[in-house]
Amino acid sequence: MRRTVLFIFGTRPEAIKLCPLLLKLRSFPDLYSTQVCVTAQHRGMLDQVLTAFAITPDYDLNVMTSGQTLFQSTARIIQALEQPFAASKPDLAVVQGDTTTTLCGALAAFYSGVPVAHVEAGLRTGDLSQPFPEELNRVLTAKMTRLHFAATPAAADNLRREGISERVWVTGNTGIDAVLHVRDRLERGELTASGSDFDRPGKRLILVTAHRRESFGEGFRQICRALAAIADRSDVHVVYPVHPNPNVQTAVHEHLRSHPNITLTEPLDYVPFVDLMRRAYLILTDSGGIQEEGPSLGKPVLVLREKTERPEAVDAGTVKLVGTDTSRIVRETTALLDCPDEYQRMSRIHNPYGDGRASERIEAAIRDH
Ligand code: UD1
Ligand code: UDP
């Protein structure tokens, strides 16, 4: 019997990580009728991904407002989700990750009596304040989930420690399906990436992204001071696609606008961004997804956070936590720039978060279930 599966997502990373699974289910039209509900918690950055994967949503809740608070986005999303659930009457709802959309998507499914599949289940730092509010979103979403798709064995262990051991699959991360697919197509020349040519002769490219709520204010000021100090070197070019959150935009533009070795850009489309990661010498980020993608592309990643829910690459030595302290960020970046041995140690290609076949495994588990 054909089952209706409703995908719910709203931000850039959820879209990047759910589109490969959506396309996988769509390759079995006899088994699944798929529907897509986007909350558009992110508007522009979501649309960039929908265009890249050629996905047209069945429901677009268009909730984003500029500078939205957690209260505002949570209230708008949960209210707006009632109608799509009533209309589509799904057999399964699929959510991903740990955003406000994830939590509200799972809650709306629970209120509608629909089982939830959670993709990227089991990530934990063990500290509800980091990342904020994502750690709580993960814990609460797990409570409402029927099918738990953990990317790694460690994530599955986290669920077990919370008493969740039934219907847990270790699948790899669907974000790695996406990044390896795009990398391979770039390498074969099947895709071209316009807008990613930030190369400057004689300079090493340092790619930066940062957007975490717990770093707003002093954390961002410290990150920006570090970037300015690093960019004072004549042998680097810092490229920073700036997250559109006003708390980020204001701090970053105020501190870094006029530095000659720093290029601030709008968020890049996914394909050019993957191309830019390939070209980068090293990456500084507080992003969850980029912590996973960096190792798959063999790029050293310095994480601008105190704690991570993705310990695998840290343990393997290709990702390092450096926090938001200015002097530490400068010291660790300088070590990578000036010490070839250190750079070599951190530049190994490996795939602790997936082998590119996560969507295949998740589809098989959904089918069996
Ligand atoms: C959200 C997620 C975070 C995820 C991040 C990925 C929550 C609580 N946070 O954080 O887990 O890591 O997305 O990027 O769910 N904006 C735009 N255009 C866009 C997107 C955002 O202008 O396309 C601006 C708006 O002013 C918006 C603000 O950014 O109000 C914040 O967006 P929001 O989704 O609330 O938080 P993020 O910081 O993006
Ligand atoms: N990304 C992108 N364009 C950019 C910056 C990031 O396409 O300018 C992609 C990146 O490759 C990764 C995802 O966006 O797949 C990460 O999103 P983000 O850092 O916003 O969220 P997080 O992963 O921290 O939740």
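First listed ligand is number 1; within each ligand, the first listed atom is number 1.
Ring orientation note: the planes of Tyr32 and Phe28 are nearly perpendicular, at an angle over 60° on the 30°/60° scale.
With a 4.0 Å heavy-atom cut-off, ligand 1 is reached by the side chain of Leu70 but not by its N, CA, C or O. At a 4.0 Å heavy-atom cut-off, ligand 2 does not touch Lys17 at all. Proximity of Pro13 to ligand 1, defined as any heavy-atom pair under 4.0 Å, is confined to the side chain (atoms from C-beta onward). Contacts of Ser287 with ligand 1, taken as heavy-atom pairs under 4.0 Å, are absent altogether.
Distances below 4.0 Å separate heavy atoms of Arg43 from the following atoms of ligand 1: 19 (C), 23 (O). In the vicinity of Glu134, heavy-atom distances shorter than 4.0 Å reach the ligand 1 atoms 2 (C), 3 (C), 9 (N), 11 (O). Set against the non-hydrogen atoms of Thr100, the atoms of ligand 1 under 4.0 Å away are 7 (C), 8 (C), 15 (O).
Using a 4.0 angstrom heavy-atom cutoff, Arg212 counts as in contact with ligand 2. Remark: distances from the non-hydrogen atoms of Pro246 to ligand 1 include one below 4.0 Å. Ligand 1 is approached by Arg213 to a heavy-atom distance shorter than 4.0 Å.
Between the side chains of Ser287 and Thr209, no donor-acceptor pair is found at a separation under 3.5 Å.
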Pair Asp286, Arg305 - check salt bridge (charged side-chain N to carboxylate O under 4.0 Å, His left out), show working. CA-CA 6 Å; Asp286 64 11; Arg305 294 168 54 179; over 6 Å; no
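Nearest protein heavy-atom neighbour of atom 15 (O) of ligand 2: Glu293 OE2, 2.5 Å.
Using a 4.5 Å cut-off on side-chain heavy atoms (C-beta onward), Glu266 and His243 make no contact.
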